[in-house]
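Computed from a predicted structure; not experimentally measured.
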Amino acid sequence: MQTVLPLLAALVGYLIGSLSFAVIVSRAMGLSDPRSYGSGNPGATNVLRSGNKAAAILTLVFDALKGYLPVLAVAIWGPRYDLGEGTAALVGLGAFLGHLWPVFFRFQGGKGVATAAGVIFGLNPMLGVATLATWLIIAFFTRYSSLAAIVSAAFAPMYQLLIWEAGPTALCLIIMGLLLVWRHQANIKKLLAGTESKIGQKAGAAAAPAAKSSKPRKKS
């Protein structure tokens, strides 16, 4: 049971992480699928490019919560089943992987920035504050969400190792950080080329699904 319970908890975390709220919120609000415009990434930043701030905020909040709540659940109820930091880190990593490769959405997921932030806050709230501050500073001065995410992904495990300690949390942060940078490969190329979209920049595609033409086709 000591091996089965952590694996089952990680599986639950993965399934929760597989809920792609960028797609769910966009569908509920009558917007285009975020995978069809802008960067094609089902995340809050790309949803913001639709011009609908409410949809972007809801996406951000729910994507963060799906990383935070599973980890918090382990912290609250785990000790009675002898589940500690290692299981919490494993569950957080599961939720993050679910966002990247969601089983409910044909494994076409986002880059995991908000979900990773939720996981970090669940594992270490003070580390979460430090990482969020890093993101805000970089985003404020550069207006590039991708650059802020990359820098934060690199700094989070360093903060953990320098200020707190090595362990399951640090290992989880290193894996998430490497995957975050890897998922931002296209953004890195655009940043180097000076073609990366800035925060709030609208996408070229329409925000709402295109209506079908009501005009009858001419017979040949």
Has the side chain of [X] got a donor or acceptor atom that lies under 3.5 Å from a matching backbone atom of [Y]?
X	Y	result
Lys111	Gly43	no
Thr134	Ala130	yes
Ser26	Pro34	no
Gln108	Trp101	no
Thr115	Asp63	yes
Glu196	Ile188	no
Asn41	Asn46	no
Asp33	Val23	no

Could you report the tightest heavy-atom contact between [X] and [Y], atom names first, then the distance?
X	Y	value
Gly92	Val119	O-CG2, 3.4 Å
Ile16	Pro70	CD1-CG, 3.9 Å
Tyr37	Ser32	CE2-O, 3.7 Å
Ala95	Gly67	CB-CA, 4.3 Å
Arg183	Gly110	NH2-O, 2.8 Å
Pro79	Val74	CD-O, 3.5 Å

So Ile24 and Phe104, side-chain contact (heavy atoms from CB on, under 4.5 Å) or not? Walk me through it. CA-CA 11 Å; Ile24 295 171; Phe104 305 126; over 6 Å; no
Between [atom1] on residue [X] and [atom2] on residue [Y], distance to nearest 0.5 Å:
X	Y	atom1	atom2	answer
Arg35	Arg106	CZ	CZ	6.0 Å
Leu60	Lys53	CG	NZ	14.0 Å
Ile174	Gln160	CD1	CD	9.5 Å
Ile138	Ser145	CD1	OG	12.0 Å
His99	Leu179	NE2	CG	12.0 Å
Leu147	Lys190	CG	NZ	14.5 Å

Test side-chain contact (heavy atoms from CB on, under 4.5 Å) on Val103 and Leu15; report intermediate values, then the result. CA-CA 7 Å; Val103 66; Leu15 293 175; 4.0 Å; yes
Can you find a heavy atom in the side chain of [X] that is under 4.5 Å from one in the side chain of [Y]?
X	Y	answer
Pro168	Leu90	no
Leu65	Phe21	no
Leu19	Phe62	no
Asn124	Ile120	no
Phe155	Thr131	no
Val113	His184	yes
Val25	Val47	no
Leu180	Ile150	no

More than 12 foreign heavy atoms under 6.0 Å from [atom1] of [X]: is that the case here?
X	atom1	value
Tyr81	OH	no
Met158	CE	yes
Trp164	CH2	yes

Find out if a path of hydrophobic residues (ILVMFWY) with successive side-chain heavy-atom gaps under 4.5 Å connects Leu178 to Trp182. no
Determine, using the 4.5 Å side-chain heavy-atom cutoff (strictly less than), whether Phe140 and Ile137 are members of one ILVMFWY cluster.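 As far as the 4.5 Å side-chain criterion goes, Ile137 and Phe140 are connected within one cluster.
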Give the C-alpha distance, both sets of side-chain angles, the deciding distance and a yes or no for side-chain contact (heavy atoms from CB on, under 4.5 Å) between Lys189 and Leu192. CA-CA 5 Å; Lys189 291 179 181 178; Leu192 293 174; 5.8 Å; no
Results of ring pair (Phe, Tyr, Trp, His ring centres under 6.0 Å) for Tyr14 - residues two or more places apart only: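 In terms of ring pair (Phe, Tyr, Trp, His ring centres under 6.0 Å), with neighbours along the sequence ignored, Tyr14 is linked to no residue.
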